[in-house]
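Some notes on the structure that comes next.
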2 protein chains.
Amino acid sequence: MPAYDPSAFPQFAVTVDLVLLTVRDGELCALVVKRGGTPYKGRWALPGGFVREKEGLRDAAVRELREETGLRLRDVHIEQLATYGDPKRDPRMRVVTVAWLVLAPDLPTPVAGTDAAAAKWEPVDVLLSEERLAFDHETILSEGVERARSKLEYSSVATSFCPDEFTVGELRDVYETVWGVELDPRNFHRKVTGTRDLLIETGRTTTRGGGRPARLYQSGVAMLNPPILRP
Amino acid sequence: MPAYDPSAFPQFAVTVDLVLLTVRDGELCALVVKRGGTPYKGRWALPGGFVREKEGLRDAAVRELREETGLRLRDVHIEQLATYGDPKRDPRMRVVTVAWLVLAPDLPTPVAGTDAAAAKWEPVDVLLSEERLAFDHETILSEGVERARSKLEYSSVATSFCPDEFTVGELRDVYETVWGVELDPRNFHRKVTGTRDLLIETGRTTTRGGGRPARLYQSGVAMLNPPILRP
DNA sequence: GCAAAAGTGTTACCCTTACACCCATGT
DNA sequence: ACATGGGTGTAAGGGTAACACTTTTGC
């Protein structure tokens with residue numbers, strides 16, 4: 001099989017960027033890293049990097065995730081978000097970036113890896129209103145947040161924001177934070193416990209939230225057609 | 001602003017591919033073109049091509065759409081589907097392709113352009129069961145069809161399959177064909193005519209379907225939260 | 001005991017579903 | 001007249017939303 005003539009069509013650099021979301025202190029937060037080099041030096045940006053020669057796109061996203069946060073695949077939900085390739089999105093050359101949406105539980109340490117000069121969790125409201133993100137990352141973050149919000153409705157991804165074992169009240173906090181609404185605790189409880197394959201009871205309980213001990217659950221395998229919840 | 005050293009990271013070719021769907025004769029069909037060159041010579045493939053040097057991804061998709069079908073942007077619904085970049089998806093070199101989902105009304109002539117040696121509309125059921133498509137296009141088509149099916153539920157994209165003016169019965173045919181189900185004509189009628197901003201009445205009627213004259217509508221601008229329809 | 005959160009029961013309301021029925025045209 | 005699809009009315013059933021009420025802990 002003959003190879004293409006490389007001069008026959010344009011050459012692109014391909015990167016992956018992560019919209020890595022978590023719920024911290026009642027706020028939906030994204031991980032951002034401070035850029036060490038040009039362009040946008042010193043500005044905050046989404047974590048990401050170049051796809052390697054013989055690396056799949058998803059593999060590249062998972063590798064960046066591990067390098068930037070130490071998170072492993074089994075801890076998080078990851079899905080492709082969208083691809084951005086405006087000819088002018090990087091002033092130096094033509095770069096197409098494949099963005100990935102990652103939903104993770106709150107992490108003890110914000111960042112484990114040291115690939116970037118600095119990293120932090122920041123509320124998405126702040127990031128989106130300040131308009132200080134590098135490149136077109138504000139657009140990417142915005143679409144990632146929108147995707148996350150709508151996915152809570154008809155899938156079980158909300159549990160990806162929770163630790164391995166969690167209570168119904170903690171799961172409700174996720175919905176309330178991501179959607180910015182208040183939900184009726186009683187109806188919420190009935191709904192999620194009544195949805196088949198959404199939650200797996202562990203038999204254990206906890207009183208970490210105060211009040212009567214709450215049953216602890218693990219994430220089930222539900223990905224149901226009818227909306228799981230709607231505000 | 002200094003340019004990158006092009007040898008510092010891998011070079012990719014970037015293409016766009018179209019999952020171009022329409023409803024013909026009660027079947028959901030996709031446009032496929034016969035490949036003239038290697039690899040997969042003579043096999044059917046999704047229409048697509050290389051993104052140009054200074055061309056946006058969406059612009060490239062719209063250009064391919066016009067070249068392959070003569071369709072203009074205002075005639076169709078177009079949205080980004082997903083990006084595929086397995087290192088081995090093209091045996092010659094590293095190619096990342098951005099796939100676009102296009103929903104179009106049934107066309108008088110299958111193909112207007114002549115960029116490809118041959119082109120045809122083929123039922124997606126046939127394409128997906130024969131396993132004869134080039135590259136990873138069966139996966140791409142499959143995910144495009146799945147996206148189209150789920151989008152009918154909570155958006156008004158079904159009208160994109162209809163001509164400029166259409167009846168409620170014709171719109172129902174779209175749902176029944178794409179979903180492969182039968183819907184109650186009376187309840188369907190009530191539902192779509194009762195959904196605000198989904199349909200715009202033209203004042204005209206037609207008897208082209210036989211029976212009592214049906215009111216003709218144009219597509220509205222609805223993109224509503226609650227599912228418009230569910231089987 | 002009291003506050004706080006978990007969890008259960010009950011009822012009104014709404015939306016969907018199923019189907020009886022009438023309408024307006026072509027043949 | 002009658003077949004065909006368009007369109008309206010209506011009643012039963014399931015799910016949601018609102019909220020009264022009980023349970024079980026920590027302090």
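In what follows, chains are A, B, ... by sequence order, proteins preceding strands, each numbered from 1. Side chains are part of it too, since the values below use all heavy atoms of this structure and drop only hydrogens, waters and symmetry mates.
Judged by closest nucleotide on DNA chain D, B:Gly209 is the one of B:Gly209 and B:Arg186 placed further toward the 5' end.
Taking the side-chain hydrogen bond (donor to acceptor under 3.5 Å, both in side chains) definition, one finds that B:Arg63 meets it with B:Glu55, B:Glu67, sequence neighbours left out. Take B:Asp75 and apply the side chain to side chain contact (heavy atoms under 4.5 Å, CB included) test, not counting sequence neighbours, and it matches B:Leu71, B:Arg72. The salt bridge (Lys or Arg N to Asp or Glu O under 4.0 Å) test applied to B:Arg58 returns no partner, not counting sequence neighbours. The side chain to side chain contact (heavy atoms under 4.5 Å, CB included) check on A:Gln80 picks up A:Thr83, A:Val98, A:Trp100, B:Ala82, B:Thr83, with sequence neighbours excluded. Residues satisfying the salt bridge (Lys or Arg N to Asp or Glu O under 4.0 Å) test with A:Asp184, not counting sequence neighbours, are A:Arg186. For the side chain to side chain contact (heavy atoms under 4.5 Å, CB included) test, residues two or more places apart in sequence or in another chain that qualify with B:Ala99 are B:Leu81, B:Tyr84, B:Ile140. Listed by chain and number, the residues in a side chain to side chain contact (heavy atoms under 4.5 Å, CB included) with A:Glu79 are A:His77, A:Leu101, A:Arg147, A:Lys151 (sequence neighbours excluded).
Ring geometry for B:Phe188 against B:Tyr175 counts as perpendicular: the plane angle is over 60°, on a 0 to 90° scale with 30° as the lower cut.
Sequence neighbours left out, the pairs with a member in residues 173-182 of chain B that pass salt bridge (charged side-chain N to carboxylate O under 4.0 Å, His left out) are B:Arg172-B:Glu176. Listed by first and then second residue, the salt bridge (charged side-chain N to carboxylate O under 4.0 Å, His left out) pairs involving residues 131-146 of chain B are B:Arg89-B:Asp136 (not counting sequence neighbours).
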Dot-bracket encoding per residue of DNA chain C, Watson-Crick/G-U cut-off under 3.5 Å, | denoting interstrand: |||||||||||||||||||||||||||
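Residue B:Glu201 contributes atom CD, which lies 15 Å from atom P of D:dG6 at whole-angstrom precision. For the pair A:Leu183 CG and D:dC19 P, the computed distance is 15 Å after rounding to whole Å. Distance A:Lys191 NZ to D:dT16 C1': 7 Å, rounded to the nearest Å. Here C:dA6 presents its P atom at 14 Å from CG of A:Asn187, a figure rounded to the nearest Å. Going from atom CG of A:Asp184 over to atom P of D:dC21 covers 16 Å, rounded to whole Å.
Here B:His189 reaches the OP1 or OP2 of D:dG7: one of its side-chain N or O atoms lies under 4.0 Å away.
If you check every strand for non-hydrogen atoms under 4.0 Å, B:Arg190 touches a base.
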Please enumerate all protein N or O atoms sitting under 3.5 Å from an N or O of nucleotides 23-27 of chain C, with distances to 0.1 Å.
unit_1, atom_1, unit_2, atom_2, d
C:dC23, O4', B:Arg212, NH1, 3.3
C:dC23, O2, B:Arg212, NH1, 3.2

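Scanning residues 161-172 of chain A for heavy-atom distances under 4.0 Å to DNA chain C yields A:Gly169, A:Arg172.
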